Amino acid sequence: MIKKILYATIIIGVLITSCGTQKRIAATTEKSKTTRESINADSVALGDLQTEMLKKLGQQGVDSSLNKKIVSLLSTLQDDLSKIQQTVDAVDFFLETKKNFRPNNYEEDVKPYVVRLDSFQLQKKTRDRIYQLLDEAVKMEAFQKYGMGAFFEPGIYRIAPAAFSNVNRSFQPAIDSMSAISNRYPDIKRTAHLVIVGYADATPITPGTQLFNELKNYMKQPDPQSVQMNQVLSDLRANELLRNLKIIMKTSASKFSSYNQLKIGYSSYGRGQALPFNNITDYTDNDERRRVVVFYWAILPEL
């Protein structure tokens, strides 16, 4: 009688263990399948973003420094997908052998990989929101061109206090668009990136003028060349506009929800006598279209 009871107990234990093993196999198989589907969907989304980014770069619709930031974000997201793909491959390898899903083997060898699949799936909503924000950043015409004459008097690289209201008015439409996008993503850590790029024409700066003497003293060079002076002039004007833009952003804080939690990255630089837009093919040396400043911006997620 005791032997029969013992035998029955063993049989029941084996059946329970086998049943538990089968459940773990079935659950893991489903997780592997679902994760692969998510990886494929994410890959398509990233591919579309990369295509749009290349198109925008070709149209000069994004600053090179912002382009690098977006490319870096896309690369990081792609690397994350590659890593989870490796995890799925490992799980599928374990699924080839049933004994891997017996209690001890599963806990020690398989479960850590399954936990990574679970974590990836739990983050799906956040990933989708990140892709949405990146999609807006890539597709939106987030730049504005201004003629230098809108802010600076001829031969001047400082903005007079009386002209501040004009600068403020000029930048407000972009700030309105920026705040609207930022406010749609309160659940995502994000940074507002603001870049000002200045340009000058190829006209030499007349020796002996106040501007010539100021730039010469600033450069600390005995005989500066015209191209060098125009480079510095574009730098100084971009820096001056950026100084004003920082003030404008602070006075516009109420347009942003949780402004104090929003990271803001500022940068400015000049490109001197470089041609602003490659779709214009008839620039001349003394061309009003070359004396411009371009304001680029993007709201990007923090990963």
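Nothing fancy with the numbering, it's 1 onward along the sequence. What you are looking at is a predicted structure, and each value in this text was computed from that prediction instead of being measured.
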Kindly indicate, with the supporting measurements, whether the criterion side chain to side chain contact (heavy atoms under 4.5 Å, CB included) is fulfilled by Leu77 and Leu134.
CA-CA 11 Å; Leu77 290 168; Leu134 278 171; 3.6 Å; yes

Less than 4.5 Å apart, any side-chain heavy atom of [X] and any of [Y]?
| X | Y | result |
| --- | --- | --- |
| Tyr106 | Phe94 | no |
| Gln144 | Pro173 | no |
| Thr87 | Thr35 | no |
| Phe171 | Ser252 | no |
| Val110 | Arg24 | no |
| Ser170 | Asn166 | yes |
| Phe295 | Leu241 | no |
| Arg237 | Val293 | no |

Supply the atom-to-atom distance [X] [atom1] to [Y] [atom2], rounded to the nearest 0.5 angstrom.
| X | Y | atom1 | atom2 | answer |
| --- | --- | --- | --- | --- |
| Thr51 | Leu46 | OG1 | CG | 10.5 Å |
| Glu302 | Lys263 | CD | NZ | 4.5 Å |
| Lys31 | Arg116 | NZ | CZ | 14.0 Å |
| Glu108 | Arg102 | CD | CZ | 14.0 Å |
| Phe277 | Lys145 | CZ | NZ | 5.5 Å |
| His193 | Leu300 | NE2 | CG | 4.5 Å |

Within 6.0 Å of [atom1] in [X], more than 12 heavy atoms from elsewhere:
| X | atom1 | result |
| --- | --- | --- |
| Glu153 | CD | no |
| Gln261 | CD | no |
| Gln210 | CD | no |
| Asp79 | CG | yes |
| Phe93 | CZ | no |
| Tyr131 | OH | yes |

Under 4.5 Å between side-chain heavy atoms, hopping through other hydrophobics if needed: is there a path connecting [X] to [Y]?
| X | Y | result |
| --- | --- | --- |
| Leu303 | Leu81 | yes |
| Tyr266 | Phe256 | yes |
| Tyr218 | Leu242 | no |
| Ile156 | Met148 | no |
| Val294 | Tyr283 | yes |

Look at the side chain of [X] and the backbone N and O of [Y], then say whether any donor-acceptor pair between them is shorter than 3.5 Å.
| X | Y | result |
| --- | --- | --- |
| Arg271 | Val197 | no |
| Asp201 | Arg291 | no |
| Ser72 | Lys68 | no |
| Asp235 | Gly270 | yes |
| Ser32 | Thr28 | no |
| Asn213 | Thr209 | yes |
| Thr97 | Asn100 | no |
| Asn168 | Phe164 | no |
| Ser119 | Val115 | no |
| Arg290 | Gln273 | yes |

So, Lys124 and Asp128, do they make that salt bridge, N to O below 4.0 Å? yes

- Query: Would Asp282 and Arg289 pass as an ion pair if we require N to O under 4.0 Å?
  - Reply: yes

Grab the two heavy atoms, one from [X] and one from [Y], that are nearest each other, plus how far apart they are.
| X | Y | value |
| --- | --- | --- |
| Trp297 | Ala174 | NE1-CB, 3.9 Å |
| Ser177 | Met140 | CB-CE, 3.7 Å |
| Gln121 | Ser38 | OE1-OG, 3.1 Å |
| Thr206 | Phe212 | O-CB, 3.2 Å |
| Ala238 | Ser268 | O-CB, 3.7 Å |
| Pro301 | Ile188 | CB-CG2, 4.0 Å |

By side chain to side chain donor-acceptor pair (under 3.5 Å), Lys111 pairs with (sequence neighbours left out) none

Taken in chain and number order and not counting sequence neighbours, the residues that satisfy side chain to side chain donor-acceptor pair (under 3.5 Å) with Asp187 are Arg129

Step by step, work out the side chain to side chain contact (heavy atoms under 4.5 Å, CB included) result for Ile84 and Leu117. CA-CA 7 Å; Ile84 199 65; Leu117 300 189; 4.1 Å; yes

Given Gln22 and Lys98, is the side chain to side chain donor-acceptor pair (under 3.5 Å) satisfied, shown in steps?
CA-CA 8 Å; Gln22 287 301 126; Lys98 184 176 180 179; 3.3 Å; yes

*Between the side chains of Tyr157 and Asn239, is a donor N or O closer than 3.5 angstrom to an acceptor N or O?*
no

Practice problem: Check the side chains of Asp89 and Gln85 for a donor-acceptor pair under 3.5 angstrom, ignoring hydrogens and angles. | Solution: yes

| said: Would Arg127 and Phe120 count as a cation-pi pair here, with the cationic atom under 6.0 angstrom from the ring centre and within 45° of the axis? | reply: yes

key: Audit row: Lys255, Gln172, side chain to side chain contact (heavy atoms under 4.5 Å, CB included) steps and yes/no   = CA-CA 11 Å; Lys255 295 184 177 182; Gln172 282 304 321; 2.5 Å; yes

### Task
Report the C-alpha distance between Leu236 and Leu215 in whole Å, list the side-chain angles of each, state the deciding distance to 0.1 Å, and finish with yes or no for side chain to side chain contact (heavy atoms under 4.5 Å, CB included).
CA-CA 10 Å; Leu236 291 173; Leu215 292 179; 3.6 Å; yes

